[in-house]
Amino acid sequence: MYKTKLFLTLSLLSTLIFAETGLEIMERLDNQPTPDNVKATLTMTLVNKRGQTRSRTIQRFQKEYKTGEFSNKSLIFFLEPADERGTGFLQWNYAEAGKDDDQWLYLPALGREKRIAATEKSSEFMGTDFTYDDMGDRDINKYSYTLMGEENLGDEACWKIEALAKDKSQAYQKLIYWISKEKIQPLQMYFFDKRGDQVKTLTFSEYKKIDGFWMAMQMHMVNSRKQHQTSLSMKDVDLKTVQDDNLFTIRLLKRGIQ
């Protein structure tokens with residue numbers, strides 16, 4: 001009996017010692033390898049509270065930087081519908097922790113680019129349910145994390161993690177993540193506003209492993225407050241074509257795809 005109790009005690013201590021914290025899991029997620037280059041076509045579908053839909057076709061480019069000032073740069077162009085063709089969005093994410101990303105939106109009707117100010121980051125991007133802040137890399141250092149436990153989404157085991165904003169300046173004061181234990185990728189997120197109300201739900205689905213990288217082929221954001229939804233479906237994913245640095249410039253943003 002003594003040996004049995006000792007074994008159980010040691011097993012429990014071992015579990016406690018080696019159990020990961022919420023922060024450690026989020027750091028694993030943040031440090032997951034990403035492809036050096038991405039080119040893909042996306043279909044964006046917007047659904048309003050009356051069930052009416054609008055669709056857009058988007059070309060997306062992204063380049064990762066292993067060293068230097070930037071962590072990555074991305075560029076998207078709207079191809080369809082015709083009245084939005086040429087609209088572009090450029091983003092530079094910095095390697096320095098805590099440094100805000102730079103974003104520019106180009107609208108052909110205005111004929112000039114507009115830099116997105118820090119005070120505008122919580123605004124909706126092009127009528128979608130994603131804010132400008134959602135379009136960028138989320139800085140994990142701006143939140144504190146608690147591992148709430150483990151929970152299955154469908155047949156996939158997940159860690160459930162609560163993230164609380166460290167200051168009141170964040171648009172979302174609380175986030176809840178479901179992180180796949182197998183893929184170390186998010187499957188679902190809840191977004192809470194400054195009043196503590198859940199305002200959005202984001203799901204990631206149809207993951208595919210492309211050239212060794214897990215990629216969500218579907219993203220679906222539901223805005224419960226506005227009864228509005230935005231879906232993104234990705235196809236024609238190319239991770240092999242090297243993206244030129246000159247692509248991710250304001251000059252190319254204004255010129256568009258030729």
Side-chain angles (χ1 to χ4, degrees), residues 37-63 72-93 100-138 171 191 199-206 215-239 241 243-258:
N37 300 274
V38 177
K39 179 182 178 183
T41 302
L42 293 89
T43 299
M44 174 187 285
T45 304
L46 310 179
V47 184
N48 67 18
K49 63 182 179 180
R50 294 184 294 275
Q52 299 170 319
T53 64
R54 288 188 294 151
S55 293
R56 297 162 168 169
T57 304
I58 297 170
Q59 189 87 65
R60 173 175 174 254
F61 305 87
Q62 184 161 316
K63 186 178 182 69
N72 63 68
K73 294 181 180 179
S74 61
L75 177 66
I76 65 173
F77 288 115
F78 287 73
L79 306 180
E80 295 175 341
D83 62 350
E84 293 184 10
R85 181 173 175 82
T87 298
F89 179 67
L90 173 65
Q91 182 166 260
W92 293 353
N93 290 308
D100 289 339
D101 51 20
D102 278 321
Q103 298 175 326
W104 296 267
L105 179 68
Y106 176 74
L107 299 172
L110 296 179
R112 61 180 178 82
E113 78 283 357
K114 168 184 168 59
R115 187 176 184 277
I116 307 302
T119 54
E120 299 174 288
K121 295 290 180 74
S122 60
S123 302
E124 295 174 347
F125 170 72
M126 293 292 292
T128 71
D129 297 291
F130 294 87
T131 65
Y132 286 96
D133 197 45
D134 294 334
M135 301 291 288
D137 290 345
R138 200 171 302 281
F191 300 75
V199 290
K200 295 180 184 178
T201 301
L202 176 61
T203 56
F204 304 80
S205 60
E206 296 190 24
M215 305 192 75
M217 307 305 287
Q218 299 282 343
M219 295 174 62
H220 186 64
M221 180 76 91
V222 177
N223 189 322
S224 52
R225 176 169 291 166
K226 295 189 174 182
Q227 300 179 47
H228 196 277
Q229 305 177 37
T230 303
S231 295
L232 291 170
S233 177
M234 187 162 59
K235 64 178 182 179
D236 302 329
V237 179
D238 175 6
L239 307 185
T241 302
Q243 307 302 326
D244 193 296
D245 284 347
N246 292 326
L247 177 65
F248 304 95
T249 61
I250 292 175
R251 181 177 65 84
L252 262 292
L253 173 69
K254 295 167 68 174
R255 194 185 78 178
I257 296 177
Q258 303 299 308

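Any value given below was found using the heavy atoms of this structure, including those in side chains, with hydrogens, waters and symmetry copies removed.
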TODO: In sequence, state the C-alpha distance, the side-chain angles, and the governing distance for L247 and K73, and then conclude on side-chain contact (heavy atoms from CB on, under 4.5 Å).
DONE: CA-CA 10 Å; L247 177 65; K73 294 181 180 179; over 6 Å; no
Distance-only check: which donor-acceptor pairs under 3.5 Å involve side-chain atoms of residues 104-118, not counting sequence neighbours?
residue : atom : partner : partner atom : Å
K114    : NZ   : E120    : OE2          : 3.0
R115    : NH2  : D102    : OD1          : 2.3

Open item on the list: Working to the nearest 0.5 angstrom, can you tell me the gap between Q227 CD and K49 NZ?
Closed with: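 Rounded to the nearest 0.5 Å, the CD-NZ separation comes to 6.0 Å.
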Task: Q229 side, atom CD; T128 side, atom OG1 - distance, nearest 0.5 Å - done: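 Q229 atom CD to T128 atom OG1 measures 13.0 Å (nearest 0.5 Å).
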- [ ] Would you sort out whether L232 and T43 count as a side-chain contact (heavy atoms from CB on, under 4.5 Å), showing the intermediate values?
- [x] CA-CA 6 Å; L232 291 170; T43 299; over 6 Å; no
TODO: Indicate the atoms forming the closest heavy-atom contact of I58 with M44, along with that distance.
DONE: CD1-CE, 3.6 Å
Open item on the list: Test your reading of the model: is there a side-chain donor-acceptor pair from N37 to the backbone of Q243, 3.5 Å cut-off?
Closed with: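 Such a contact is found between N37 side chain and Q243 backbone.
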- [ ] Enter the distance from F248:CZ to L253:CG here, rounded to the nearest 0.5 Å.
- [x] 12.0 Å
Open item on the list: On a heavy-atom basis, which atom in S55 and which in P81 lie closest, and how many Å separate them?
Closed with: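 Residues S55 and P81, closest heavy atoms: O-CD, 3.6 Å.
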Open item on the list: Exactly one of R85, E84, E80 should register a side chain to side chain contact (heavy atoms under 4.5 Å, CB included) with R56. Which one does?
Closed with: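 It is E84, the one option of R85, E84, E80 that forms the side chain to side chain contact (heavy atoms under 4.5 Å, CB included) with R56.
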- [ ] Mark yes when over 12 heavy atoms from residues, nucleotides or ligands other than K39 sit less than 6.0 Å from its NZ; otherwise mark no.
- [x] no
TODO: Hey, could you give me the CD/OG distance between Q218 and S205, rounded to the nearest 0.5 Å?
DONE: 5.5 Å
Task: A40 to Q59 - nearest heavy-atom pair and separation - done: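 It is O-NE2, 3.3 Å.
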TODO: For residues T249 and D245, report the shortest heavy-atom separation together with the two atoms involved.
DONE: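 Heavy atoms of T249 and D245 come nearest at CG2-O, 4.1 Å.
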Task: Residue pair D101 / Q103: nearest heavy atoms and the distance that separates them - done: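 Nearest pair, atom of D101 first, then Q103: OD2-NE2, 3.9 Å.
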- [ ] Look at the aromatic rings of F78 and F125 and report parallel, tilted or perpendicular, splitting at 30° and 60°.
- [x]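 Correct class here is tilted.
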Open item on the list: Regarding K200 and D134, does a basic nitrogen lie under 4.0 Å from an acidic carboxylate oxygen?
Closed with: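 Looking at K200 and D134, the cut-off is met.
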- [ ] Verify, without hydrogens or angle tests, whether S224 (side chain) and V199 (backbone) share a donor-acceptor contact under 3.5 angstrom.
- [x] yes
Open item on the list: Apply side-chain contact (heavy atoms from CB on, under 4.5 Å) to residues F89 and M126 and explain how you reach the verdict.
Closed with: CA-CA 10 Å; F89 179 67; M126 293 292 292; over 6 Å; no
Task: Inter-residue atom distance D129.CG - L202.CG, 0.5 Å rounding - done: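 Reported value, rounded in 0.5 Å steps: 10.0 Å.
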Open item on the list: Can you tell me how the ring of F77 sits relative to the ring of F61, calling it parallel under 30°, perpendicular over 60° and tilted otherwise?
Closed with: perpendicular
